Amino acid sequence: MSTMEQVVPRSAETSLTAMLRLFTASAALEQRLAPTLHSLHDLSFQEFLLLLNVARAPLGKMRRVDLAAALNVGFSSISHMADPLEKDGLIERQADKRDARVIYACITAAGRQRVDEAQKSVARLATRLFDERWSDKDVEAFAARLAQLTYGLPSNIVE
C-alpha cells in the first residue's frame, strides 16, 4: 500500500451487520438441517455435532470438558446431550486411568456408523444449498473466510 492510500476504517455498524447476518445464516442452516437429521438419523443438530467432534478426535475420544468448549455449551449440557447417546450405544464413558475426575466420551462402532451416515446427509444438503446460490469458487472463498474467523477455536469438526 502506498503512502497515498489510506485504510478506511470499518464502521462498527458494518461489523455488527456482518455478525448478525452470520448468526441469522447459522440459525437458518440449523433449522434446515434439523428435520433431516432427526427423521433420517434420529439425531438433533447438537447431538450430530457432539458425535462428529468425538469421531474426529484422536483415538475417537474427548474429555467432556473439551466437548463443552468445542460446542460452546456448559458442562451440564454435555451430560444432557451425552446421556441419550450413551443409552443408544453411540458413545460410552471412559474414566482416565491416571485421574478419576476426568471422563472421556468415546465413540462406539455404532456411533461412528451413525455419524458417518448423518455426515453424508448433511453434505448432500449443504451441496444443494450452496449450488442454489453460489459457484464452487464462491463456496471455496466463503469457506476460506470462515476458516480465518474460526481459526484456533476448540472444535474437531473441520480438519
Side-chain angles (χ1 to χ4, degrees), residues 10-93 104-159:
R10 177 177 41 250
S11 74
E13 185 63 31
T14 301
S15 295
L16 176 62
T17 299
M19 186 179 67
L20 292 174
R21 285 183 176 158
L22 186 58
F23 286 140
T24 300
S26 176
L29 290 172
E30 185 174 341
Q31 196 170 32
R32 274 187 83 171
L33 291 173
T36 298
L37 285 170
H38 181 70
S39 66
L40 295 180
H41 307 289
D42 196 28
L43 293 172
S44 71
F45 185 68
Q46 288 292 320
E47 290 170 335
F48 168 69
L49 293 178
L50 186 149
L51 286 174
L52 191 57
N53 271 278
V54 175
R56 290 188 174 183
L59 304 176
K61 68 181 185 177
M62 281 182 79
R63 295 182 319 162
R64 287 179 169 228
V65 66
D66 295 331
L67 266 174
L71 297 177
N72 294 306
V73 298
F75 186 77
S76 63
S77 295
I78 293 299
S79 293
H80 290 295
M81 281 189 280
D83 289 347
L85 297 174
E86 286 177 37
K87 288 177 185 167
D88 289 346
L90 303 178
I91 60 172
E92 59 189 14
R93 289 177 195 235
Y104 290 96
C106 303
I107 193 88
T108 65
R112 191 168 298 280
Q113 181 178 353
R114 178 89 58 95
V115 76
D116 287 348
E117 291 167 0
Q119 187 175 345
K120 289 174 188 170
S121 295
V122 170
R124 282 191 299 273
L125 187 59
T127 300
R128 281 197 309 269
L129 176 80
F130 284 120
D131 283 351
E132 292 171 4
R133 291 166 173 80
W134 294 345
S135 69
D136 288 347
K137 188 176 177 180
D138 291 334
V139 175
E140 289 170 12
F142 183 62
R145 289 291 187 183
L146 288 174
Q148 290 174 327
L149 186 63
T150 59
Y151 178 77
L153 297 179
S155 177
N156 292 317
I157 58 174
V158 180
E159 298 159 347

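What you see below is based on every heavy atom in this structure, not just the backbone, and it leaves out hydrogens, waters and symmetry mates. All of these numbers come straight from a predicted model, not from anything done at the bench.
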Flag the pair [X] / [Y] as yes when at least one side-chain heavy-atom distance between them is below 4.5 Å, and no otherwise.
| X | Y | value |
| --- | --- | --- |
| V73 | M81 | yes |
| L22 | L146 | yes |
| L49 | Q46 | yes |
| Q119 | R56 | yes |
| S79 | R64 | yes |
| L85 | L43 | yes |

If every non-hydrogen atom of [X] is compared with every non-hydrogen atom of [Y], which pair is closest and at what distance?
| X | Y | answer |
| --- | --- | --- |
| L67 | A105 | CD1-CB, 3.8 Å |
| A110 | G89 | CB-O, 3.8 Å |
| V115 | A55 | CG1-CB, 3.9 Å |
| V122 | L37 | CG2-CD2, 3.8 Å |
| T14 | S11 | OG1-OG, 2.8 Å |
| C106 | V54 | C-CG1, 4.0 Å |

Inset, instruction - Report yes or no: does D116 contribute a side-chain atom to a donor-acceptor pair with the main-chain N or O of Q113 at less than 3.5 Å? - result: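 Not at all, since once roles are kept as given, no pair shorter than 3.5 Å links the two residues.
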Q | Short side-chain to backbone donor-acceptor contact, R114 and H41, under 3.5 Å | A |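 Answer holds: yes.
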*asked:* Could you tell me if R124 and S121 have a donor-acceptor pair between their side chains, going purely by distance under 3.5 Å?
replied: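 Note: S121 and R124 side chains meet the donor-acceptor criterion.
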Which distance, rounded to the nearest 0.5 Å, do you find between the [atom1] of [X] and the [atom2] of [Y]?
| X | Y | atom1 | atom2 | result |
| --- | --- | --- | --- | --- |
| Y104 | I91 | OH | CD1 | 15.0 Å |
| L59 | I107 | CG | CD1 | 13.0 Å |
| R32 | F45 | CZ | CZ | 13.5 Å |
| E13 | L20 | CD | CG | 8.5 Å |
| L90 | R112 | CG | CZ | 12.0 Å |
| D42 | F48 | CG | CZ | 14.5 Å |

Discussion item. For the CZ atom on R21, are there more than 12 heavy atoms of other groups (residues, nucleotides or ligands in this structure) within a distance under 6.0 Å?
Written reply: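 Counting other residues, nucleotides and ligands, CZ of R21 stays at 12 neighbours or fewer.
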**Prompt:** Is the CD atom of Q31 crowded by more than 12 outside heavy atoms at less than 6.0 Å?
**Reply:**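 Atom CD in Q31 is not crowded, with 12 or fewer foreign heavy atoms closer than 6.0 Å.
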* Show the numbers, then the answer: is there a side-chain contact (heavy atoms from CB on, under 4.5 Å) between L33 and E30? => CA-CA 5 Å; L33 291 173; E30 185 174 341; 5.8 Å; no
